[in-house]
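Beneath this line is the structure, given in structure tokens, with notes to follow.
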Amino acid sequence: MRRVRLAPEPFDPHEELRRFGETRTTAGGIVSFLGQVRQEEGDPVEALELRHYPPLTLPGMDELALRAETRWRLIATLVIHRVGIMVPGDPIVLVACAARHRRDAFEAADFLMDHLKSSAWFWKREKTAEGWRWIEPRGQDHADLARWAES
Amino acid sequence: MRRVRLAPEPFDPHEELRRFGETRTTAGGIVSFLGQVRQEEGDPVEALELRHYPPLTLPGMDELALRAETRWRLIATLVIHRVGIMVPGDPIVLVACAARHRRDAFEAADFLMDHLKSSAWFWKREKTAEGWRWIEPRGQDHADLARWAES
Amino acid sequence: MTLTLLFLGPLEDVAGVPEMSLDVAGAATLPDIAERLDPALAVAITAPRVRIALNGQLVAPADVRAGNGDELAFLPPVSGG
Amino acid sequence: MTLTLLFLGPLEDVAGVPEMSLDVAGAATLPDIAERLDPALAVAITAPRVRIALNGQLVAPADVRAGNGDELAFLPPVSGG
């Protein structure tokens with residue numbers, strides 16, 4: 001089972017995980033990753049916006065989930081990614097992988113996050129007291145992707 | 001923040017994760033692992049029992065969480081492990097690691113699970129139509145632990 | 001005969017708008033389009049790392065032929081989710 | 001003068017009970033205790049992979065000195081959680 005979607009509005013990751021888990025009784029393990037907008041003392045970031053390009057973004061996420069399912073033995077995959085404007089504490093992304101064996105679930109979730117964070121079709125900007133500013137791609141992203149190069 | 005406990009009764013992993021997440025707004029990411037008793041078509045396992053030895057089991061889990069916190073940069077750690085008799089679909093173990101950087105959260109959760117599954121003070125038995133049977137340690141466990149040997 | 005241009009991410013700031021309509025006579029190439037734009041924007045959209053999608057499908061810059069009713073999206077390097 | 005023996009995991013099946021009381025004269029060693037038990041149980045609890053805890057603390061088998069009021073737990077290899 002593969003559930004992949006973009007969320008234009010805030011979502012409740014725990015409710016999503018509950019629903020995902022309820023039908024997965026054949027799974028020995030479920031690994032999840034929840035990414036949220038950081039909220040730190042003195043952090044100047046007031047808001048975050050994620051833009052996407054509909055013809056590519058969701059199809060790309062779906063294809064990524066399919067790649068994970070091809071590479072690891074998964075029973076089910078969940079990917080939910082916010083778009084639009086978020087404030088600190090808001091969920092940005094939720095990934096969950098259910099598998100009979102936990103190693104498969106861990107690796108697939110890790111793989112999905114590395115790719116979502118670096119190669120998915122999203123453009124991000126942050127709002128501080130000085131206004132909105134686009135975020136440049138990070139060098140770390142290439143290192144993250146290189147971990148998964150098929151040998 | 002470190003929350004480590006044994007659960008003698010069924011627990012709701014999603015409620016636990018919600019509570020864990022609510023106070024963690026400084027975390028960029030939370031990785032969780034939920035292990036549950038498998039329920040498969042034709043599976044002969046009717047019930048699972050986990051026994052523990054109170055003077056060692058919980059202190060050992062606490063020490064393990066501390067080791068994870070020493071090795072990775074974590075904001076918070078949650079470990080809940082069932083003891084007693086469980087039926088298919090019941091949660092066995094919930095681990096969650098919150099960190100600023102997702103790599104830390106992934107590795108720490110993976111580390112905690114490998115150790116809980118192999119070196120924690122639990123004895124497991126399964127009930128089938130033929131009665132209860134103790135489960136032997138698995139060879140895979142040593143391979144799992146070897147992944148984390150400090151070089 | 002109208003072609004729609006979309007500017008994603010930081011390219012929106014260079015263009016000043018997320019979307020722009022361009023009257024074209026026929027099937028325009030990327031250089032045809034670039035020369036109709038503000039020079040700074042023309043440089044930005046033809047940068048090597050900018051990908052191009054024609055009606056939702058990625059195309060090589062040299063293969064761009066866009067005419068009436070087409071949508072051409074300019075996709076700068078993604079920042080990730 | 002009573003010593004409590006605990007048998008964890010599969011050792012419970014060998015002992016037939018999870019817990020047993022043993023009257024001891026003074027501080028008993030592991031061989032002292034083993035010879036008071038059923039031979040199959042004596043062999044099982046002295047197997048190399050069985051760990052021993054005295055009043056909740058792991059001890060080396062050779063260091064076992066257990067007397068009145070003490071609790072001695074026999075811990076076979078864990079099966080994991």
Side-chain angles (χ1 to χ4, degrees), chain A residues 4-7 33-37 48-61 63-65 79-84 86 90-95 112-127 131-145, chain C residues 2-22 27-28 30 33-34 37-38 40-81:
Chain A
V4 179
R5 69 180 176 93
L6 287 169
F33 177 85
L34 167 62
Q36 45 196 8
V37 184
L48 189 75
E49 182 179 10
L50 277 176
R51 298 276 187 89
H52 72 302
Y53 178 57
L56 295 183
T57 309
L58 186 59
M61 287 164 59
E63 194 198 323
L64 179 64
V79 179
I80 303 174
H81 210 298
R82 265 300 304 277
V83 289
M86 289 154 270
D90 276 357
I92 304 171
V93 58
L94 175 68
V95 155
L112 287 170
M113 282 310 307
D114 273 356
H115 286 76
L116 285 170
K117 283 282 180 186
S118 54
S119 65
W121 293 99
F122 292 108
W123 295 271
K124 184 161 50 186
R125 53 179 202 155
E126 281 180 356
K127 191 187 182 192
W132 287 99
R133 185 180 64 86
W134 291 100
I135 305 299
E136 293 296 313
R138 300 176 315 136
Q140 179 62 32
D141 293 335
H142 294 281
D144 287 344
L145 286 193
Chain C
T2 300
L3 166 66
T4 303
L5 307 181
L6 296 183
F7 305 103
L8 275 293
L11 287 179
E12 176 184 319
D13 290 0
V14 182
V17 290
E19 191 174 327
M20 186 183 289
S21 291
L22 210 63
L30 186 57
I33 293 161
L37 304 175
D38 175 89
L41 181 57
V43 168
I45 63 165
T46 54
R49 294 185 64 204
V50 171
R51 311 283 301 274
I52 298 176
L54 176 60
N55 299 325
Q57 300 282 326
L58 290 173
V59 288
D63 295 341
V64 169
R65 298 289 180 280
N68 189 36
D70 284 339
E71 178 196 276
L72 207 57
F74 297 94
L75 314 162
V78 296
S79 53

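Numbered from 1 within each chain, the chains take letters A, B, ... in sequence-line order. As the structure is a prediction and not an experimental result, all values here were calculated from the model.
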Anything in residues 57-69 of chain C with a heavy-atom distance to chain A below 4.5 Å? Please list those residues in order.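 Under the 4.5 Å heavy-atom cut-off, C:Leu58 qualify.
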
Show, in sequence, the C-alpha distance, side-chain angles and deciding distance for C:Glu12 and C:Val14, and conclude whether the side chain to side chain contact (heavy atoms under 4.5 Å, CB included) test is met. CA-CA 5 Å; C:Glu12 176 184 319; C:Val14 182; over 6 Å; no

So A:Leu48 and A:Lys127, do their side chains get closer than 4.5 Å, heavy atoms only?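 No; the side chains remain at least 4.5 Å from each other.
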
Indicate yes or no: at least one non-hydrogen side-chain atom of C:Leu41 is less than 4.5 angstrom from one of C:Phe7.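 Yes. Closest side-chain heavy atoms under 4.5 Å.
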
What verdict does the side chain to side chain contact (heavy atoms under 4.5 Å, CB included) test give for A:Phe122 and A:Leu6, after you've listed the backbone C-alpha separation in whole Å, the side-chain angles of each residue and the deciding distance to 0.1 Å? CA-CA 11 Å; A:Phe122 292 108; A:Leu6 287 169; 3.8 Å; yes

Under 4.5 Å heavy-atom distance to chain C, tell me which part of A:Leu116 shows up: side chain, backbone, both or neither.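 Answer is backbone: N, CA, C or O of A:Leu116 sit under 4.5 Å from chain C.
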
At a 4.5 Å cut-off on heavy atoms, which part of A:His115 comes close to chain C: side chain, backbone, both, or neither?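 Contact with chain C involves no heavy atom of A:His115 at all.
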
May I ask you to decide if C:Asp70's main-chain N or O and C:Asn55's side chain share a donor-acceptor pair within less than 3.5 Å?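 Judged by distance alone, no pair lies under 3.5 Å.
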
Between the side chain of A:Thr57 and the main-chain N/O of A:His52, is any donor-acceptor distance below 3.5 Å?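 No; judged by distance alone, with no hydrogens or angles, the pair does not exist.
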
Part of C:Leu75 within contact of chain A (heavy atom distance under 4.5 Å):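 Both backbone and side chain.
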
Between C:Gly9, C:Ala73, C:Gly56, which has the largest tally of heavy atom pairs under 4.5 Å with chain A?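 Ranked by contacts with chain A, first place is C:Gly9.
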
Give the intermediate values and the outcome of side chain to side chain contact (heavy atoms under 4.5 Å, CB included) for residues A:Met86 and A:Ile92. CA-CA 8 Å; A:Met86 289 154 270; A:Ile92 304 171; 3.9 Å; yes

Assess A:Arg51 against A:Trp123: is NZ or CZ under 6.0 Å from the centre of the six-membered ring, and within 45 degrees of the ring's axis?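 Pair A:Arg51/A:Trp123 does not count as cation-pi.
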
